[in-house]
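Worksheet: the structure to be examined is printed underneath.
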There are 2 protein chains.
Amino acid sequence: MAYRSADQVVHKAAWLYYTHGLRQDEVAQRLNISRASVALYLRRAREAGIVNISTSTHLFRSHMMARRLEEAFGLDTVWVTERGELVPDPVAEIPTLAASVFLEMVKNGDRVGVAWGHTVYAIADTMAYADRENVTVVELCGNLGSPYSYRPDQCTMEIARRLNANGLNFYAPLVLSTEALAIGLRDEPVIREQLNGIASCDLALFSVGTLAEDSHVIKCGALSVEELRAIKTMGGVGVIAGQVIDAEGAWLDCDYNRRIISADFDAIRSIPRRLMVVQEDEKLEPLLAAIKGRFFTHLVVTSRMAGRLLDHAGAREDIEASAAPIS
Amino acid sequence: MAYRSADQVVHKAAWLYYTHGLRQDEVAQRLNISRASVALYLRRAREAGIVNISTSTHLFRSHMMARRLEEAFGLDTVWVTERGELVPDPVAEIPTLAASVFLEMVKNGDRVGVAWGHTVYAIADTMAYADRENVTVVELCGNLGSPYSYRPDQCTMEIARRLNANGLNFYAPLVLSTEALAIGLRDEPVIREQLNGIASCDLALFSVGTLAEDSHVIKCGALSVEELRAIKTMGGVGVIAGQVIDAEGAWLDCDYNRRIISADFDAIRSIPRRLMVVQEDEKLEPLLAAIKGRFFTHLVVTSRMAGRLLDHAGAREDIEASAAPIS
DNA sequence: GGGACCAATTGACTTTTGTCAATGGTAATA
DNA sequence: TATTACCATTGACAAAAGTCAATTGGTCCC
């Protein structure tokens, strides 16, 4: 990571204040600047990730349903957000938690695969800045045209920026007009390399998409409403990294899927830690499919969704809400 | 990690305050408690490691000498503390920095080997609390009798406590009266197991000791002044995990070393990341020996010591102090 | 050299946070 | 049941941090 020399003072102020525990006026005195400047520098240090303030996400793992989901579906770790009015902004709660969880999971030197969508973008947006080293963020799928706000490359780049990582974009569209073109493009060295690099990721972050008529794939123009209907009759229930899956979580053999430039499902599954984040209640069906397809190992969901998942696992008893007090 | 239910409120307050950015009075309102309580809870959250505030240690790596030391001695990473009067407490600076560096290095699931001594204890003492998971802290060497303040097991346990890790102590003395007894004891299953477990550590933390007459090994009674003198004439220059090394960093074949219960040097060297921390100026000679013995991969030192090391590497130019501005 | 522009810095003020003695509640004990 | 001891909690005050308009200092261009 490159440092401008101006950062030196900022860094020094942060060190004295946060690590040594001096007061702002003491720091000001030592560095021969005004206290107001110290306050300014400290803010910058926080914003630049020179100082990291993180809250443990244990709270959300101690939720009773989190444990039961882990057991029911053989997941590694599950985080469940609280229901209720305590939360300042219920909409932001999932991305906020997911961002914290994700930051906890990213280690120096990691290669991180990132998918796209509303949820992923919201996570990128709330995520704190951090000064990781040697982190690479790669796109899991091809790109979309510009008149859309949650472009895959934007997700990748924003996350890379916040982690001080370098971002690798796919230089290809997500969806092509013909299968032949897609096949040809996948064999282009630049694209091939990017596709091959996915399996060597240490960590992945994604959400699952629905196949509703107001869903992502429609809004971004990847799929027309007619195609969508056809795909649904063929058994499609959700979208992973731009590709349609059926109720069993398997790749759907349809024209659309064959025209896609995106991560191979086996490549995704070979990434050791895969974080799935789901905000919307409507994603139950796709999420169940994603579980069957073993697409993820870590999960962040609302307590409502957690409840429904447990219903479907047939494993839900009637004890509701509230965290499990453990010894 | 076990949670008392009282922690729930503390945790929730910390989440709302630090992650959501609410003010204390807003948090108080949401949780139906007084603002004063919120302030109290937040303090507890920080002290318990539920909230982590860490400052990047990049500042100390950008020191020009840090880079040159890495190059001159083939080290992984070197941190150099600033000289000068800016620092609130020059004595505390090394342990403070070392504690930050060490915390940055410990990852969930790690097995960490810890040696003993004044320096290690000081590090344990300044180190912030953190809520790591599945971390194990193991002692690198046997123990000393009680009337001594920096006992190896105390170092281990204190560090374990701060990391929410579990600490494994050596159930053996560091030094025995006869070689025969030491050999016998090393073959005891409990001890054997502990010794074998050292090579499987992911990270080690230690300092190097001197062989001066006011040094550690003397004060703690491990060695008499007569023995010490004998050892010095045999070529001993320093102490690593209780064992004497010569100027080349090799195990010294002497009676004392044969009576020791401690980590095998090859086992130590097989730990991938080994953090050496040196405070005292007098440790130049032992430190040079430790370098030759390839005992560590990461180093925290004062700029003064850094300068002397570079002198000995014959690689030092006359540009002094001040950090290197990079691009 | 003068002036225009921009960013960094600061003093003065406001808001937020930290602290602590006083209060109230609870569990153990006589 | 009364008594004691012990925390957790709080209100009120003091201390510290945040903010912003005004000022300074620098750089670039004419």
Side-chain angles (χ1 to χ4, degrees), chain A residues 2-56 59 62 86-89 96 126 128-129 322-323 325-327, chain B residues 2-56 59 62 86-89 96 126 128-129 322-323 325-327:
Chain A
Y3 267 107
R4 295 180 306 268
S5 69
D7 281 346
Q8 289 275 349
V9 205
V10 174
H11 207 142
K12 218 169 268 185
W15 182 258
L16 293 172
Y17 184 78
Y18 285 107
T19 305
H20 276 284
L22 299 195
R23 287 198 317 271
Q24 292 189 358
D25 54 346
E26 297 179 294
V27 175
Q29 208 181 324
R30 284 237 166 55
L31 300 178
N32 258 315
I33 50 178
S34 72
R35 201 192 54 74
S37 292
V38 174
L40 177 68
Y41 292 171
L42 293 180
R43 165 203 284 277
R44 279 200 207 144
R46 287 187 305 261
E47 285 174 351
I50 290 172
V51 168
N52 253 5
I53 303 183
S54 64
T55 311
S56 154
L59 180 60
S62 63
L86 290 172
V87 177
D89 180 2
T96 305
T126 33
Y129 288 76
S322 100
I326 298 127
S327 79
Chain B
Y3 267 107
R4 297 177 305 268
S5 70
D7 281 347
Q8 288 274 351
V9 205
V10 173
H11 208 142
K12 217 171 268 186
W15 182 258
L16 293 171
Y17 184 79
Y18 285 108
T19 305
H20 276 284
L22 299 195
R23 285 198 319 271
Q24 293 189 359
D25 54 348
E26 298 178 292
V27 175
Q29 210 181 325
R30 285 237 164 54
L31 301 179
N32 259 316
I33 49 179
S34 73
R35 200 192 56 71
S37 292
V38 174
L40 177 68
Y41 292 171
L42 293 180
R43 165 203 283 279
R44 279 200 207 146
R46 287 187 304 262
E47 286 173 352
I50 291 172
V51 168
N52 251 5
I53 303 183
S54 65
T55 311
S56 154
L59 179 59
S62 64
L86 290 172
V87 178
D89 180 2
T96 305
T126 33
Y129 288 76
S322 100
I326 296 126
S327 80

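Proteins get letters first, then strands, A, B, ... in listed order; numbering begins at 1 in each.
A:Ser54 pairs by the side-chain contact (heavy atoms from CB on, under 4.5 Å) definition with B:Asn52, not counting sequence neighbours. Residues satisfying the side-chain hydrogen bond (donor to acceptor under 3.5 Å, both in side chains) criterion with A:Arg44, sequence neighbours excluded, are absent altogether. Every residue meeting the side-chain contact (heavy atoms from CB on, under 4.5 Å) condition with A:Ala28, not counting sequence neighbours, appears here in chain and number order: A:Arg35, A:Val38. Every residue two or more places apart in sequence or in another chain was checked for a side-chain hydrogen bond (donor to acceptor under 3.5 Å, both in side chains) with A:Tyr17, and none qualifies. In this structure A:Thr19 satisfies the side-chain hydrogen bond (donor to acceptor under 3.5 Å, both in side chains) test together with B:Thr55, sequence neighbours excluded. Every salt bridge (Lys or Arg N to Asp or Glu O under 4.0 Å) that A:Glu47 has, sequence neighbours left out, goes to A:Arg43. The side-chain contact (heavy atoms from CB on, under 4.5 Å) check on A:Ala39 picks up A:Gln24, with sequence neighbours excluded.
Boundaries of the chain A contact region on DNA chain D are D:dA16 to D:dT19, first to last in 5' to 3' order (nucleotide atom under 4.0 Å from a heavy atom). In summary, contact between chain A and DNA chain C, defined as any nucleotide atom under 4.0 Å from a heavy atom of the protein, begins and ends at C:dT9 to C:dG11 in the 5' to 3' direction.
Distance alone, capped at 3.5 Å, places no donor-acceptor pair between the A:His20 side chain and the A:Val27 backbone.
As judged by a 4.0 angstrom heavy-atom cut-off over every strand, B:Arg35 is placed among the base-contacting residues. Nucleic acid contact class of B:Ile33 (heavy atoms, under 4.0 Å, all strands): sugar-phosphate only.
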